[in-house]
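Let me begin by presenting the structure, written as structure tokens, before commenting on it.
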Amino acid sequence: MGVTVNGTTYPLDGVPVHRSLLDHVRDQGLTGAKEGCAEGECGACSVMVLRADPTDTQAPPRWTALNACLVPRGRVRRPGGRDRRGPRHPRRAAPGPARDGRPRRLPVRLLHARLRLQHGRRVLPARPRGGAFDEHALSGNLCRCNRLPAHPRRRPRARRRPRRRPARAAHHRAGPDRPTGRRHRRRRRFVRPAGLDEALRLLADEPDAVVVAGSTDWGVDVNLKGRRVPLLVGVDRLPELRTLHEAPDHLEIGAALTLSELERGMAGRVPLLDALWPQFASRLIRNGATLGGNLATGSPIGDSAPVLLALEADVVLVGPDGERVVPLDRFFTGYRTSVRRPGELLRAVRIPLPAAGIAAFHKIAKRRYDDISSVAVAHALDVRDGTVVRARIGLGGVAATPVRALATEAALEGRPWSLETVLAASEVLSQEGTPIDDQRASAAYRRAMLGTSLQRLWHDHDHDGQRAEVTA
Amino acid sequence: MSALSQRPAGGVVGQPLPHESAALHVTGHALYTDDLVGRTKDVLHAHPVASPHAHARVVTLDPTPALAVPGVVRVLTADDVPGVNDAGVKHDEPLFPAEAMFVGHAVAWVLAETAEQARLGALAVEVTWEPLPSLVSIHDAIAADSFQGGQPRLLRGDVEAALAEAAHVFSGETEMAGQEHFYLETHASLALVDEAGQVFVQCSTQHPTETQDIVAHVLGVPSHAVTVQCLRMGGGFGGKEMQPHGFAAVAALGATLTGRPVRLRLSRQLDMTMTGKRHGFHAQWRVGFDEDGRLLALDATLTSDGGWSLDLSEPVLARALCHVDNAYWIPHVRVNGRVAQTHKTSQTAFRGFGGPQGMLVIEDVLGRCAPLLGLEPDELRRRSFYAPGQSTPYGQPVRHPERLQRVWDAVLTHGDVARRRADVDAFNAAHERTKRAIALTPVKFGISFNLTAFNQAGALVHVYKDGSVLVTHGGTEMGQGLHTKMLQVAATALGVPLARVRLAPTRTDKVPNTSATAASSAPTSTAAPSRTPASRSATASTPSPPGCSARPPPTSASRTASSAASTASRRCPGKRSSGSPTASGSSCGRPASTAPRDCTGTRRGCRASRSSTSRTAPRPPRSRSTASPAPTGCCASTSSTTSATACPRSSTSARWRAASSRGPGGSPSRTCAGTRATGRPGDA
């Protein structure tokens with residue numbers, strides 16, 4: 001049992017369960033990955049692990065970038081994880097996988113890859129100008145030392161390596177990380193059950209077990225709050241939780257699919273989700289985080305809950321007694337609590353179709369990317385013949401749980417989609433919830449942001465000549 | 001000018017080379033301090049016992065339960081300190097305090113076999129606290145009259161009379177918060193005792209000499225018994241200029257007491273909780289303008305939030321006072337400065353070192369008064385630009401101020417500001433809920449240490465029999481490319497190919513008594529050699545503000561002031577920085593005159609003098625010549641939601657430009673003047 005890094009397998013025996021993959025890799029003398037923040041924000045610890053495509057079993061496994069500081073060491077078995085250090089400066093190192101087993105650092109490689117994608121293989125912009133530069137590619141990379149790419153006047157000609165990656169064969173050899181069965185440690189254990197039944201049995205036997213999928217939240221608890229538990233159950237590879245199923249009237253999303261997988265797998269299907277993904281943490285986090293985890297952790301400021309509330313999603317819970325479906329607006333019962341019983345797993349999220357046409361996700365946060373919201377508002381409106389026929393608004397950060405803005409919805413439905421309606425409903429919206437003062441924002445600020453959100457939606461959807469005259 | 005200071009034909013100085021460690025950075029092979037742990041046997045890990053209170057007395061501290069935690073080897077407390085229980089240079093920073101002064105203040109350290117065990121051990125240490133009243137905001141501190149250090153004053157003319165006569169008088173308050181450095185590499189030290197009993201500390205520090213000093217006095221040993229090495233830093237930004245010392249001392253203490261290597265690396269959470277930040281400032285001001293909208297008088301009180309101890313607060317404050325004028329002629333000035341003491345981390349150096357805070361005050365004044373005066377903000381700014389014959393409030397003549405106007409016009413033209421402004425107006429007219437703006441701000445910024453003795457550098461150059469060269473110098477590498485530059489300088493100066501020269505890590509046993517790598521002075525310059533032409537052509541150079549002496553110093557002093565830096569910059573043409581250490585040894589220039597200063601001499605100043613007198617053969621001062629155009633660096637840049645920068649290059653060059661200079665003032669080595677308050681501009 002071990003972790004394969006850059007082709008060398010390092011045993012895991014005797015490594016404490018809560019030791020992160022990052023620490024484990026560094027213990028082996030592989031210094032390419034660093035601990036910058038220990039909470040998945042800075043990207044200094046990124047590693048790439050090999051993963052199978054959940055939707056296409058025939059596809060070759062995919063190198064996926066993760067924050068190694070958040071990954072319990074047991075979660076990655078033979079990932080072929082590479083101790084990668086990428087170029088701090090794109091001009092100085094060509095993109096591509098590591099060669100000769102030399103480590104590369106990923107984040108900048110992502111950045112570089114994006115630039116190449118946008119600007120062709122040869123030409124980089126002389127200087128990033130309005131919009132040409134993909135800010136998302138920098139999200140999750142907080143190093144202040146690096147300037148934005150200073151672009152080369154001339155590209156180095158020599159040393160262009162063949163496009164075909166020599167390491168590719170090794171990728172396949174390494175194989176994806178897959179369920180590994182039980183792994184007993186003397187005291188603390190990390191178990192990755194092979195199937196749903198085994199997972200439920202484990203949870204029934206040990207009610208104190210903590211379920212982790214991407215461990216992007218749990219990893220922070222471990223690193224920063226020092227949380228330790230006797231049993232971690234990794235559900236991230238459970239096949240039953242990794243399906244993406246489209247029925248005529250709904251989409252069923254496996255709770256353990258990563259957000260990046262969802263982003264790829266259902267692009268364009270639900271406009272509101274498309275609006276969500278780019279604002280949901282960094283790519284490195286989205287590569288690990290799951291929808292199920294984001295809901296089950298029950299944070300009132302999780303990003304997905306307001307969106308799924310606006311989409312009128314249901315959650316599918318599975319326990320020893322079978323499945324039950326709970327509407328999401330009845331799922332949360334209080335601060336970080338839900339109707340999920342001990343021993344139950346969140347298996348999937350169902351989103352009714354068709355999805356609303358007017359959709360927006362307004363995440364008010366101090367940083368544009370990679371931050372936790374002070375207030376989040378998700379809108380999903382259907383407007384027919386100038387009338388709001390259905391309005392669903394999900395709110396985060398204004399109560400102990402994510403909530404629906406029911407009064408606002410009532411103030412919109414059946415009314416003409418006009419500025420008057422919007423302004424009147426904005427008044428209602430600003431009074432929704434019970435926002436508090438905390439370190440992220442004041443209650444007054446949260447209310448003010450609520451009040452402007454609908455207006456922002458209105459102005460961003462300048463529709464069809466149907467809107468009333470703008471007087472403001 | 002010596003032959004060495006001319007760039008020889010074909011020298012590698014000025015060539016755009018990759019960072020000397022680029023390949024190592026890229027491949028992850030570049031070692032930072034904490035990467036050494038894996039190569040060191042039997043390392044103990046340290047974890048702090050931190051205060052949960054902003055202000056509390058330690059009533060009892062019982063380490064016994066911690067010793068029962070598996071893996072815990074030792075708990076370090078105040079009783080273990082053989083030397084001075086202090087981590088600072090002002091004797092106001094007890095290393096193991098009896099009174100916690102901020103949340104997270106470490107009162108003891110636990111050493112254990114693993115970091116996890118050390119953490120658990122620290123949790124097990126039993127401390128009983130007696131919470132005391134605390135002052136957390138700067139307003140609380142002002143209300144409670146809680147100040148520390150000196151209260152300098154910048155004074156010129158008759159402010160009251162001018163305000164009485166002014167056509168327009170406004171008043172207001174300006175407040176700005178602090179800032180976390182967020183160097184990607186957190187504080188890290190690895191200490192061990194070698195076979196001869198000497199303490200060897202590998203430390204992520206911008207100031208190895210001071211780290212060595214503190215370690216030595218904590219251990220109660222002479223400096224020669226302590227060696228500090230800094231391989232490289234993953235960013236410093238001023239946060240590692242004074243803050244690493246205590247951590248290094250804890251590691252060294254642990255190593256001497258246990259005989260095993262001790263590693264102390266702060267997690268990001270600990271680092272953010274325990275280490276100082278940029279100073280927040282509060283300013284209360286009155287300002288007078290004449291009928292034409294020109295600045296007539298400024299009366300202001302600047303209060304910085306220094307946190308619990310002085311650290312570098314005094315020099316930061318001095319630098320803020322000296323940048324209040326920014327690029328503007330203010331005939332009558334009275335600015336009072338003071339440092340509030342609050343129960344927070346000890347605020348410290350941060351890029352700009354108070355300069356930005358000072359400039360922000362006057363810029364905020366102008367920005368807010370412009371609409372009241374019915375003028376465009378940039379027009380209001382332009383009207384008060386320095387003109388020929390004028391000098392700063394601290395008496396330094398502003399030379400070539402006409403360049404300010406020229407740069408300003410160039411930015412307006414090259415930056416296409418008129419068109420951008422029209423675009424912005426059009427956008428704003430078309431968008432009800434999203435607004436854009438465009439702004440121009442001049443910057444005149446002082447480079448180098450005001451305490452002139454600090455504007456020095458040294459190098460140890462070995463030339464071996466086979467012709468290869470090994471260079472060790474006093475500056476530290478933190479990603480800015482200093483080592484690359486030094487390689488170029490050495491190769492050029494010695495006339496050998498670059499490949500013949502190798503750099504060894506910065507160590508106090510190779511080059512002693514160094515200045516901090518800070519202040520955009522000697523070794524900090526963020527060298528990007530390829531940009532050199534731009535920097536050189538930039539007209540902007542900057543006067544260095546003087547230290548806490550706020551009264552106008554003699555002009556003779558300020559005229560001599562620039563020699564060292566400009567010397568060095570001429571000697572290393574093509575480099576952005578001044579005062580680069582060179583292969584030929586010390587580039588320390590000292591002014592001939594010893595102008596009087598009224599700075600308080602302290603241990604700090606004496607230390608400085610000690611170090612500078614021990615330099616080898618300082619260069620004689622040079623009279624200021626034309627090569628280094630004087631003051632008035634002006635750069636205009638836009639800050640706006642358009643995310644466009646009108647002239648980034650000029651902004652860069654003006655800021656980093658290091659053509660001159662030092663403030664007025666004499667040789668501290670002789671007068672023993674100057675705490676660091678006399679001028680330590682921050683790191684860059």
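Quick note on labels: first sequence line is chain A, next is B, and so on, each numbered from 1.
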Do you know which of B:His431, B:Met272, B:Glu185, B:Arg265 has the most heavy-atom pairs under 4.5 Å to chain A? B:Arg265
Report yes if the distance between the aromatic ring centroids of B:His483 and B:His19 is under 6.0 Å, otherwise no. no
Below 4.5 Å from any heavy atom of chain B, which atoms of A:Gln28 appear? Answer side chain, backbone, both or neither. neither
How many angstroms lie between atom SG of B:Cys230 and atom CE of B:Met478, to the nearest 0.5 angstrom? 8.0 Å
Test item: B:Phe182 and B:Asp271 side chains (from C-beta on) under 4.5 Å apart, heavy atoms: no
Which bit of [X] comes within less than 4.5 Å of chain A, counting heavy atoms only: side chain, backbone, both or neither?
X: B:Leu270; answer: neither
X: B:Ala115; answer: neither
X: B:Gln269; answer: side chain
X: B:Arg39; answer: neither

Pairing residues for A:Asp438 by the side chain to side chain contact (heavy atoms under 4.5 Å, CB included) criterion, not counting sequence neighbours: A:Ile436, A:Arg440, A:Arg446
With under 30° as parallel and over 60° as perpendicular, where do the rings of A:Trp218 and A:His18 fit, or are they tilted in between? tilted
